[in-house]
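Here the structure is a predicted model, which is why all the values come from computation and not from measurement.
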There are 2 protein chains.
Amino acid sequence: MWEKDYYEVHDKMYIGTDCIIFGFDNGVLKLLIFKRRIEPNVGEYSLIGSFVKLEESISNAASRVLHEITGLQNVFMEELKTYNAVERDPGFRCVSVGQYALIRIDDYDKDLVEKHGAMWYTFDELPDLVLDHNQMVEDAMARLRRKAKYQPIGLELLPEKFTLPQLQSLYEAIYQRKMDSRNFRKKVLSFGVLIKLEEKDKTSSRKGAFYYKFDYEKYKELLAQGIYFVV
Amino acid sequence: MWEKDYYEVHDKMYIGTDCIIFGFDNGVLKLLIFKRRIEPNVGEYSLIGSFVKLEESISNAASRVLHEITGLQNVFMEELKTYNAVERDPGFRCVSVGQYALIRIDDYDKDLVEKHGAMWYTFDELPDLVLDHNQMVEDAMARLRRKAKYQPIGLELLPEKFTLPQLQSLYEAIYQRKMDSRNFRKKVLSFGVLIKLEEKDKTSSRKGAFYYKFDYEKYKELLAQGIYFVV
DNA sequence: ATTATTAACGTAAAAAATACGTTTATTTTT
DNA sequence: AAAAATAAACGTATTTTTTACGTTAATAAT
């Protein structure tokens with residue numbers, strides 16, 4: 001990695017990042033997709049991405065575009081993998097680092113998103129995307145499913161206050177299967193990382209469901225102990 | 001990722017890969033570490049790595065150096081993550097993609113390895129490595145532990161024929177804890193991916209332990225069904 | 001033949017996951 | 001004001017999985 005002779009060979013290698021942005025919109029998992037307005041590939045659909053600048057880290061680069069597009073800062077984000085096939089980009093040799101982000105779908109700046117030509121799509125209604133972006137989405141979805149097995153995803157995708165039925169519907173959306181509400185509740189509460197609030201959400205039922213919030217401190221402790229959050 | 005103005009800014013970004021090479025040497029997990037013989041950092045310890053050439057994928061690059069160093073081909077390898085802090089390499093901006101490899105420690109070419117100044121170290125005897133290579137090793141170790149939970153690692157690290165006690169000692173090395181041999185055997189055999197051979201290994205006991213081999217077909221089926229291999 | 005040693009087999013107890021029935025709080029309808 | 005409707009909350013029995021641990025078997029060395 002330090003041999004001088006490689007310097008020249010590599011002066012045409014580019015590195016970028018593409019963001020797979022998940023949102024959860026009452027009961028449905030969605031992805032933020034862009035209709036391209038600039039060359040190349042005008043009019044085609046793609047993920048949002050950027051080249052990585054010399055003076056920024058890859059996650060900086062992703063945060064930068066995410067902020068430009070959604071107005072959000074401090075969004076949860078994690079590296080997925082690199083996409084580096086020699087021929088993946090017909091223009092030139094470019095490695096892209098896929099990063100997936102989880103955002104609260106109520107938080108983002110609607111005007112900004114619309115201005116950039118972005119739209120929310122469900123996983124199965126996704127249009128054809130440029131390059132290997134469909135693959136990226138598929139990989140991100142698989143990763144999200146696996147991640148949900150040992151970390152409470154709800155933290156990032158749900159609003160501050162949420163009900164157990166909401167949390168369950170998020171898990172059902174991720175795993176694509178119905179779960180038993182009694183067992184779900186039992187399991188989720190057994191971790192002791194949820195705090196029950198006095199307030200109720202009356203929008204989805206007559207009885208109303210109590211709001212909960214995460215106990216971040218306890219959650220961190222649990223993770224430190226290496227305890228898994230399998231639902 | 002396609003905007004022209006970035007081209008210039010990025011003509012000094014380099015991309016390389018570093019390999020975290022695991023071997024299993026009767027009961028002990030080891031890592032292949034190099035004492036550098038060329039500038040920069042002569043005499044210091046590091047992982048083996050290379051720049052990624054314009055006409056090769058990142059895993060090609062890793063396979064290439066792995067072959068140069070160990071004489072091995074078709075080694076199991078998986079991307080770990082990118083190491084991309086702006087200041088990680090004092091010389092210039094270089095993103096490194098960490099990749100971990102699992103090799104059968106009896107297979108590699110001893111002369112070749114020695115010629116390149118490489119040595120096997122256990123995880124806790126590891127010397128200080130250049131740059132962020134110690135971090136890479138730590139991350140790879142963590143990944144290996146997690147991976148071992150849902151895939152039969154033995155496949156890659158053990159010889160073609162292996163005994164159950166050997167497989168168990170591999171898992172014990174990975175998890176750093178003793179396991180109950182009766183439960184381990186029960187669990188491992190319950191997956192139905194091991195084929196018992198007639199032959200016995202007599203080197204470690206008077207009674208001798210039967211050799212087993214993997215049933216690759218069944219194993220692939222299991223993975224396709226999404227079944228986890230939790231031991 | 002006896003002893004030593006690790007492998008192989010088996011079973012009981014504890015814990016976790018699953019399946020499913022009943023009650024409760026509230027709003028809407030009558 | 002009572003009855004009906006509805007989703008939430010609570011609880012318990014059954015099944016499955018995990019854990020703990022005792023016994024027997026095969027072989028080489030003595």
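- Nucleotide dA8(D) has dT23(C) as its partner under the Watson-Crick or G-U criteria, with both atom distances under 3.5 Å.
- For F210(B) and dA8(C), the CZ to P distance is 7 Å, given to the nearest whole Å.
- Shown here are the ring-ring contact (aromatic ring centres under 6.0 Å, His included) partners of Y211(B), two or more places apart in sequence or in another chain: there are none.
- In this structure, CG of L189(B) is placed 16 Å from C1' of dT18(D), rounded to the nearest angstrom.
- dT18(C) atom P lies 10 Å from atom CE of M179(A), rounded to whole Å.
- Residues passing the salt bridge (charged side-chain N to carboxylate O under 4.0 Å, His left out) test with K161(B) are E199(B), sequence neighbours excluded.
- Atom-to-atom, NZ of K187(A) to C1' of dT16(D) comes out at 14 Å; the value is rounded to the nearest Å.
- Under the rule for a ring-ring contact (aromatic ring centres under 6.0 Å, His included), Y212(B) has no partner lying at least two apart in sequence or in another chain.
- Taking atom NZ on K178(A) and atom P on dT18(C), their separation rounds to 17 Å, with Å as the unit.
- Counting only residues at least two apart or in different chains, side-chain hydrogen bond (donor to acceptor under 3.5 Å, both in side chains) contacts with residues 99-114 of chain A comprise T17(A)-Q99(A), E78(A)-Y100(A), Y108(A)-W120(A).
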So which protein nitrogen or oxygen atoms get under 3.5 Å of nucleotides 1-7 of chain D's nitrogens or oxygens?
| from | atom 1 | to | atom 2 | distance (Å) |
| --- | --- | --- | --- | --- |
| dA5(D) | N3 | R206(A) | NH1 | 2.9 |

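- Remark: F162(B) pairs with F214(B) by the ring-ring contact (aromatic ring centres under 6.0 Å, His included) rule, at least two apart or across chains.
- A straight line from CZ of F184(B) to C1' of dC21(D) spans 18 Å, rounded to a whole angstrom.
- The phosphate of dA25(C) (OP1 or OP2) has no side-chain N or O of K200(A) nearer than 4.0 angstrom.
- Looking at R143(A), its side chain does come within 3.5 Å of a backbone N or O of L80(A) through a donor-acceptor pair.
- Shown here are the ring-ring contact (aromatic ring centres under 6.0 Å, His included) partners of F184(A), two or more places apart in sequence or in another chain: Y171(A).
- Spacing between atom CD of Q168(A) and atom P of dT18(C) amounts to 13 Å, rounded to whole angstrom units.
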Pairs: protein N or O with nucleotides 10-12 of chain C N or O, under 3.5 Å:
| from | atom 1 | to | atom 2 | distance (Å) |
| --- | --- | --- | --- | --- |
| dT11(C) | O4 | K186(B) | NZ | 2.9 |

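- Atom CZ in R185(A) sits roughly 18 Å away from atom C1' in dA17(C) (whole-Å rounding).
- Between K213(A) and E160(A) there is no salt bridge, since no side-chain N of the basic residue sits under 4.0 Å from a carboxylate O of the acidic one.
- Partners of D215(B) according to the salt bridge (charged side-chain N to carboxylate O under 4.0 Å, His left out) rule, which considers only residues two or more places apart in sequence or in another chain, do not exist here.
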